[in-house]
2 protein chains.
Amino acid sequence: MKPIENQTYRALSTYTKLMRAAGSVTSRVHRVLSTPKLTISQFGVLEALFHKGPLCQKDIAEKILKSTGNITLVIDNLEKQSLVRRERDSEDRRYLTVHLTEAGTELIARVFADVESAIVAEMNILSENEQEQLGILCKKLGMKGGGS
Amino acid sequence: MKPIENQTYRALSTYTKLMRAAGSVTSRVHRVLSTPKLTISQFGVLEALFHKGPLCQKDIAEKILKSTGNITLVIDNLEKQSLVRRERDSEDRRYLTVHLTEAGTELIARVFADVESAIVAEMNILSENEQEQLGILCKKLGMKGGGS
DNA sequence: ACAATATAGTTTTATATTAAATCATTCGAT
DNA sequence: ATCGAATGATTTAATATAAAACTATATTGT
């Protein structure tokens with residue numbers, strides 16, 4: 001195999017493995033969300049609010065890498081289930097601050113613990129050193145910017 | 001930090017980096033698809049047909065890790081653009097075999113070359129050895145089964 | 001041969017997603 | 001003070017997505 005083909009082959013092969021690993025781990029971790037009937041975005045919103053406190057929709061969108069138009073809908077659906085509530089900012093009335101309700105807090109605390117365990121279980125397929133190594137390599141790839 | 005917390009912290013941190021790397025690389029590579037106005041699924045279907053030849057919808061669904069109900073719609077949309085055509089199997093009339101049209105073949109050949117270059121460029125952020133290393137680690141994680 | 005079962009594909013329902021257009025509010029410059 | 005730009009949120013339109021119900025066809029066990 002000529003050098004150039006070799007390089008291409010290696011890059012494609014590595015790319016494929018990276019994508020499969022991410023997809024495979026994600027899908028297994030997210031199975032935890034099927035019981036409480038949360039979508040991935042809904043989980044993302046609840047988790048952001050849980051760890052950062054009340055946020056406006058713009059900030060939530062940035063945090064979970066989705067468009068603001070999307071967030072409107074996700075929050076709508078969470079609000080229907082009384083897991084969050086919107087509050088109009090009295091200082092700047094363009095902002096809607098989203099708060100977890102009590103039910104929402106209770107739910108995400110429980111679910112997040114489960115997701116956390118699932119992630120730890122998944123990553124422990126690799127040894128401590130291997131995880132460090134993977135982290136370093138992924139960080140290089142992830143750094144150039146441009147999330148989902 | 002106590003060992004157990006340490007283990008949890010490392011796993012979560014590695015997981016996050018893996019996800020960010022995959023998302024970041026994906027989003028940059030997929031920018032190539034915006035010019036020919038192909039969605040990721042549409043690209044996946046065309047690419048599968050291009051490299052494997054005509055396939056039935058079930059096989060396509062497995063290849064690109066989507067549900068068959070989904071594939072029906074994706075194929076519908078590709079068919080509207082005359083990029084693929086469906087053909088009823090005369091042996092077993094339950095099967096629809098999906099073929100690339102000439103326009104579809106021409107399009108995917110061109111786009112795939114661009115995507116390939118983009119992937120190579122992305123992965124070359126890492127050295128040859130780092131790519132090999134990343135591939136090995138990702139393979140372990142991806143192997144336990146259960147794609148998207 | 002025929003009923004039960006399995007399989008391929010479609011449809012339906014509900015949510016997600018982006019991009020673009022729009023609305024409302026605020027801020028800034030004159 | 002007011003007009004225009006900027007900003008946060010919503011709406012709309014098109015596509016995606018999964019899950020479940022359904023249709024059509026094929027296979028299998030008796």
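Keep in mind that what you see is a predicted model, and the values were worked out from it rather than measured.
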Handout entry: side-chain hydrogen bond (donor to acceptor under 3.5 Å, both in side chains) assessment of A:Ser24 paired with A:Arg28
Key = CA-CA 6 Å; A:Ser24 175; A:Arg28 292 195 296 271; 2.4 Å; yes

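Side chain B:Arg93 to base D:dT25: no donor-acceptor pair is found below 3.5 Å.
Near DNA chain D, meaning a heavy atom under 4.0 Å away, there are no residues from residues 37-44 of chain A. Listed by residue number, A:Thr68, A:Gly69, A:Thr72 are the residues of residues 67-84 of chain A with a heavy-atom contact under 4.0 Å to DNA chain D.
Here the straight-line distance linking atom CG of B:Leu65 with atom CG of B:Asn70 works out to 11.5 Å at 0.5 Å rounding. The structure places OG1 of B:Thr14 at 8.5 Å from CG of B:Leu18, a figure rounded to the nearest 0.5 Å.
A straight line from CG of A:Leu65 to P of C:dA16 spans 16 Å, rounded to a whole angstrom. One atom, CD of A:Glu87, and another, C1' of D:dG8, lie 16 Å apart when rounded to the nearest Å. Between the P atom of C:dA16 and the NZ atom of B:Lys66 lies a distance of 16 Å, rounded to the nearest Å. In this structure, B:Leu55 places its CG atom 13 Å from P of C:dA8, rounding to the nearest Å. In this structure, CZ of B:Arg86 is placed 17 Å from P of D:dA24, rounded to the nearest angstrom. For the pair A:Arg94 CZ and C:dC27 P, the computed distance is 6 Å after rounding to whole Å. Remark: P of C:dT10 and OH of B:Tyr95 are 14 Å apart, rounded to the nearest angstrom. The distance from atom CG of A:Leu96 to atom C1' of D:dT7 is 13 Å, rounded to the nearest whole Å.
A donor-acceptor pair is defined here as one N or O able to donate and one able to accept, closer than 3.5 Å; no such pair exists between the side chain of B:Glu132 and the backbone of B:Asn129.
Counting only residues at least two apart or in different chains, side chain to side chain donor-acceptor pair (under 3.5 Å) contacts with residues 73-85 of chain B comprise B:Asp76-B:Arg86, B:Asn77-B:Lys80, B:Glu79-B:Arg86, B:Arg85-B:Glu87.
Computed from C1' positions of five pairs at each end, the angle between the two local axes of the helix from C:dA1-D:dT30 to C:dT30-D:dA1 equals 10°, rounded to 10 degrees.
Shortest non-hydrogen contact noted between A:Cys138 and B:Lys17 is CB-O, 3.5 Å.
In terms of the side-chain contact (heavy atoms from CB on, under 4.5 Å) criterion, residue partners of B:Thr105 (sequence neighbours excluded) are, by chain and number, B:Phe50, B:Leu100. Applying the side-chain contact (heavy atoms from CB on, under 4.5 Å) criterion to B:Asp59, with sequence neighbours excluded, gives B:Leu55, B:Cys56, B:Glu62.
Surrounding CD of A:Glu128 are at most 12 heavy atoms belonging to other residues, nucleotides or ligands under 6.0 Å away.
The hydrophobic clustering, which links ILVMFWY residues whose side-chain heavy atoms are closer than 4.5 Å, places B:Ile40 and B:Met19 together.
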